[in-house]
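The first residue of the sequence shown is numbered 1, and numbering continues consecutively from there. Because the structure is predicted, anything quoted here is derived from the model rather than measured.
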Amino acid sequence: MNRTEVGALLAYAVRLDPRLAPEDQAAADERLDQWAELLADVPPTAPHPDGRHWHAGHVVKHYIATNPYRIQPSDIGSKWAAFRRDVLGRHVDPVPAVDPDDGRAYRAALAGTRRAIETGQAAATTHRALTGPMHEDVAARLKALGTYMPPSVAAQLRPLRRRRAERERLATAGLSDPLGVPCPYETCRARTGQPCRGGGKKRHERTTPHPSRVDVAAAQHDARKVAA
């Protein structure tokens with residue numbers, strides 16, 4: 001909270017508990033200086049993933065209504081610390097929109113997101129928010145590929161699993177998947193899920209499927225869409 005917000009919070013506390021009224025202007029200024037410094041990292045309001053909200057004014061009201069002692073900045077700060085721990089405990093770091101190979105920028109982006117959450121400027125991100133609902137056809141195709149994982153995790157592993165990542169991309173985008181059918185090319189005959197292979201003795205894996213396999217996959221994909 002800034003100095004103006006803390007001043008408003010103090011005025012609210014004095015209205016609820018007149019014992020907190022300062023003796024003179026000098027005492028009022030001194031208390032405001034103290035509270036403003038101690039509550040600088042406490043936001044006036046902040047969201048929570050489960051729908052609850054932090055509100056410093058509500059904390060003050062609840063404390064005065066349930067305690068016979070005069071409220072102190074620590075009574076507010078301790079409540080915020082507990083709220084913040086709970087929010088961060090539910091938070092799942094999303095993949096920053098920076099080059100993952102730039103370690104410094106990547107860490108700075110993650111730290112910035114967490115800092116925004118800690119100060120109430122941003123809401124935490126949960127697994128539910130990351131994955132979200134998906135069309136049943138997409139879910140079925142991803143299930144057929146194997147265990148599904150949150151996009152944030154999949155994105156970080158993409159460089160290590162390029163073939164799987166590409167198939168997941170096609171499924172999510174609703175496009176035909178050449179590896180979803182066997183290759184009809186005579187000298188290849190790759191099975192479903194396996195990459196096409198070139199000719200010759202070494203039979204190396206191709207980086208792209210044979211055109212005939214692409215055509216078969218596209219035809220089957222279009223037929224399924226028509227049937228649906």
Under 4.5 Å between any side-chain heavy atoms of I76 and W35, yes or no?
yes
Give, for atom OG of S176 and atom CZ of R224, the distance between the pair rounded to the nearest 0.5 Å.
8.5 Å
Residues, nucleotides or ligands: over 12 heavy atoms within 6.0 Å of E30 CD
no
For I71 and A13 the tightest heavy-atom approach is CG2-CB, 4.5 Å
With the 4.5 Å side-chain cut-off for hydrophobic clustering, are L179 and L170 part of the same group?
no
Heavy atoms of other groups near R191 CZ, more than 12 under 6.0 Å
no
Counting only N and O atoms by type, is there a donor-acceptor contact under 3.5 Å from the side chain of H210 to the main-chain atoms of S212?
no
I need the L32 CG to R3 CZ distance, nearest 0.5 Å.
4.0 Å
same_hphob_cluster(L20, L10) at 4.5 Å side-chain heavy-atom cutoff
yes
Please report the shortest heavy-atom distance between P43 and A56, naming the atom on each side.
O-CB, 4.2 Å
Flag the pair L38 / Q72 as yes when at least one side-chain heavy-atom distance between them is below 4.5 Å, and no otherwise.
no
Go through the structure and list residues passing side-chain contact (heavy atoms from CB on, under 4.5 Å) with A11, not counting sequence neighbours.
none
If you count every heavy atom of other residues, nucleotides or ligands that lies below 6.0 Å from Y185 atom OH, does the total exceed 12?
no
Mind checking who shares a hydrophobic cluster with V216, ILVMFWY linked at side-chain heavy-atom distances under 4.5 Å?
V181
Closest non-hydrogen atom pair, P209 against R213:
CB-CD, 4.2 Å
Whether the side chain of W54 engages the backbone of W80 through a donor-acceptor N/O pair (distance < 3.5 Å, no angle test) should be reported.
no
Looking at every non-hydrogen atom in both residues, tell me the closest pair between C196 and A190 and how far apart they are.
CA-CB, 4.1 Å
Is there a donor-acceptor contact under 3.5 Å from the side chain of R206 to the main chain of R197?
no
Tell me which donor-acceptor pairs under 3.5 Å the side chains of residues 60-68 have, and how far apart each pair is, sequence neighbours excluded?
residue	atom	partner	partner atom	Å
T66	OG1	H62	O	2.7
N67	ND2	Y63	O	3.3

Between the CD atom in Q220 and the CG atom in D177, the distance rounded to the nearest 0.5 Å is 11.0 Å
Counting only heavy atoms not in Q194, do more than 12 sit closer than 6.0 Å to its CD atom?
yes
To check you understand the geometry: which heavy-atom pair defines the closest contact between H55 and T45, and what is its length?
CD2-CG2, 3.7 Å
Nearest atoms (heavy-atom pairs only) where G77 meets L39:
N-CD2, 4.3 Å
When you measure from the side chain of R189 to the backbone N and O of P184, does any donor-acceptor pair fall under 3.5 Å?
yes
